[in-house]
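Not measured: the values here are computed from a predicted model.
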There are 2 protein chains.
Amino acid sequence: MTQPTSPSAPATAQDGPLPRQRRSYSIGELAKMFEVTTRTIRFYEQEGLLAPERRGQTRVYDEKDRVRLKLTLRGKRLGFSLAEIREVVMMYDAMPDGNRRQLRRLLEILADKRANLERQQEDIRLMQLEIDDVERRARDVLASLADQPD
Amino acid sequence: MTQPTSPSAPATAQDGPLPRQRRSYSIGELAKMFEVTTRTIRFYEQEGLLAPERRGQTRVYDEKDRVRLKLTLRGKRLGFSLAEIREVVMMYDAMPDGNRRQLRRLLEILADKRANLERQQEDIRLMQLEIDDVERRARDVLASLADQPD
DNA sequence: GCCGAGGTTTACGTTAACGTAAAGTGCTTG
DNA sequence: CAAGCACTTTACGTTAACGTAAACCTCGGC
């Protein structure tokens with residue numbers, strides 16, 4: 001997308017050392033690959049997180065779409081909403097021709113996310129300590145139960 | 001909670017170096033303290049995450065409740081569902097008189113959570129790298145825009 | 001020619017996690 | 001004693017993120 005992506009580009013043999021893995025995927029392939037349903041993928045498109053090409057009526061996903069989906073799902077695992085994820089993803093794409101105001105806005109958002117992530121790291125550390133503690137107690141109780149029934 | 005917590009303990013002056021901060025909180029205090037609404041706190045109770053005492057009709061929260069709420073909110077920030085959180089919190093409380101099967105189940109759950117947290121750590125690292133990258137590009141573009149209009 | 005596998009749109013259903021509003025209770029303060 | 005404030009219950013509303021179902025194309029293979 002950084003290149004105009006002329007759709008009529010014939011992709012001759014001298015396009016480069018390796019034409020950037022110009023593979024394409026069907027919706028079903030992606031679904032299996034990431035263990036989500038096709039409904040989910042279509043939903044993400046509807047929410048503006050994906051924008052695959054169409055061959056006729058059928059969606060055709062390329063490498064870039066696959067990466068986007070991957071990032072989206074990663075964001076989800078971290079508890080981000082689709083809106084939050086879109087915020088970054090879309091701005092990232094709008095970057096090359098973005099004006100200064102947009103770019104500054106993007107930087108703000110990024111700083112925000114970064115702070116969020118750091119907080120999550122701390123939360124994870126704390127929760128790990130909690131879990132360690134609970135586990136230790138559980139093992140203690142279990143050991144003291146060396147012969148009770150059940 | 002590890003102690004039987006005799007409710008009729010008169011809390012005389014010689015209860016120890018500091019009687020475990022036997023403070024109590026109203027729902028409103030907790031709400032402000034954690035920046036959530038009272039609705040949220042009541043909802044968590046309804047979902048089995050909290051179980052405050054009652055003075056008449058009014059809820060009275062103690063230190064233990066406060067900690068529970070804190071843990072719950074921490075879990076939420078990490079994207080866990082209330083059901084997942086309850087899973088751990090409840091089993092933790094059921095521990096002292098739990099039988100072996102329950103304890104083993106708890107250990108399973110804990111291992112699960114732990115794996116989950118580790119995955120999240122990895123996700124965070126990856127996303128931080130992404131953000132670094134996006135930010136770098138954004139700054140580059142911004143720099144190259146040293147004089148264009150808005 | 002038909003059929004099954006995979007794709008499509010449209011649309012209504014569902015769940016979690018609260019928000020919001022209404023109507024009542026209890027205290028303490030001017 | 002009225003007003004206000006904090007608390008209570010009950011109940012309906014809302015949003016995000018899909019699930020599920022129906023009805024339709026379309027294409028390669030037998």
Derivation of the side chain to side chain contact (heavy atoms under 4.5 Å, CB included) call for A:R105 and A:R101: CA-CA 6 Å; A:R105 174 103 185 80; A:R101 209 172 42 72; 6.0 Å; no

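- Among residues two or more places apart in sequence or in another chain, the salt bridge (Lys or Arg N to Asp or Glu O under 4.0 Å) test is passed with B:R136 by none.
- A straight line from CD1 of B:I41 to P of D:dA6 spans 15 Å, rounded to a whole angstrom.
- Residue pairs meeting the salt bridge (charged side-chain N to carboxylate O under 4.0 Å, His left out) criterion with at least one member in residues 122-131 of chain B, sequence neighbours excluded, are A:R74-B:D123, A:R77-B:D123, B:E122-B:R125.
- Rounding to whole angstrom units, CG of residue A:L50 and P of D:dA17 are separated by 14 Å.
- B:R86 places its CZ atom 9 Å from the P atom of C:dA16, with the value rounded to the nearest Å.
- Scored by the salt bridge (Lys or Arg N to Asp or Glu O under 4.0 Å) test, A:D132 finds B:R114 as partners (sequence neighbours excluded).
- In this entry the distance linking CD of A:E47 with C1' of D:dT15 reads 11 Å, nearest Å.
- Applying the side chain to side chain donor-acceptor pair (under 3.5 Å) test to B:R139 and every residue at least two apart in sequence or in another chain returns B:E135.
- Rounded to whole Å, atom P of C:dA16 lies 18 Å from atom CZ of B:F80.
- Qualifying side chain to side chain donor-acceptor pair (under 3.5 Å) partners for A:D112, counting only residues two or more places apart in sequence or in other chains: none.
- Between the C1' atom of C:dC12 and the CD atom of A:Q46 lies a distance of 14 Å, rounded to the nearest Å.
- Rounded to whole Å, the distance from CD1 on B:I85 to P on C:dA17 is 8 Å.
- Within the structure, the salt bridge (charged side-chain N to carboxylate O under 4.0 Å, His left out) test picks out the following pairs touching residues 24-36 of chain B (sequence neighbours left out): B:R23-B:E29.
- A:E45 meets the side chain to side chain donor-acceptor pair (under 3.5 Å) test with A:R59; sequence neighbours excluded.
- In this structure, A:E118 has no salt bridge (Lys or Arg N to Asp or Glu O under 4.0 Å) partners at least two apart in sequence or on a different chain.
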Nucleotide N/O to protein N/O under 3.5 Å, stretch nucleotides 7-10 of chain D:
unit_1 : atom_1 : unit_2 : atom_2 : d
D:dC7  : OP1    : B:S26  : OG     : 2.9
D:dC7  : OP1    : B:G28  : N      : 3.2
D:dT8  : OP1    : B:R59  : N      : 2.6
D:dT8  : OP1    : B:R59  : NE     : 3.0
D:dT8  : OP2    : B:R42  : NE     : 3.2
D:dT8  : OP2    : B:R42  : NH2    : 2.9
D:dT9  : OP1    : B:R54  : NH1    : 3.2
D:dT9  : OP1    : B:R54  : NH2    : 3.2
D:dT9  : OP2    : B:R59  : NH2    : 2.0

Polar atom pairs between nucleotides 21-23 of chain D and protein, under 3.5 Å, N or O only, would you list them?
none

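- Taking 4.0 angstrom as the limit, B:T37 places none of its side-chain polar atoms (N or O) nearer than this to OP1 or OP2 of C:dC18.
- Between the CZ atom of A:F43 and the P atom of C:dT8 there is a distance of 17 Å, rounded to whole Å.
- Partners of B:R39 by salt bridge (Lys or Arg N to Asp or Glu O under 4.0 Å), not counting sequence neighbours: none found.
- Between its two ends, the helix from C:dG1-D:dC30 to C:dG30-D:dC1 turns its axis by 10°, counting five pairs per end and rounding to 10 degrees.
- Not one side-chain nitrogen or oxygen of A:Y44 sits closer than 4.0 Å to the OP1 or OP2 atom of D:dA17.
- The phosphate of C:dA16 has neither OP1 nor OP2 within less than 4.0 Å of any side-chain N or O from B:K76.
- A cation-pi contact, defined as under 6.0 Å to the ring centre and within 45° of the axis, is absent between B:K76 and B:Y44.
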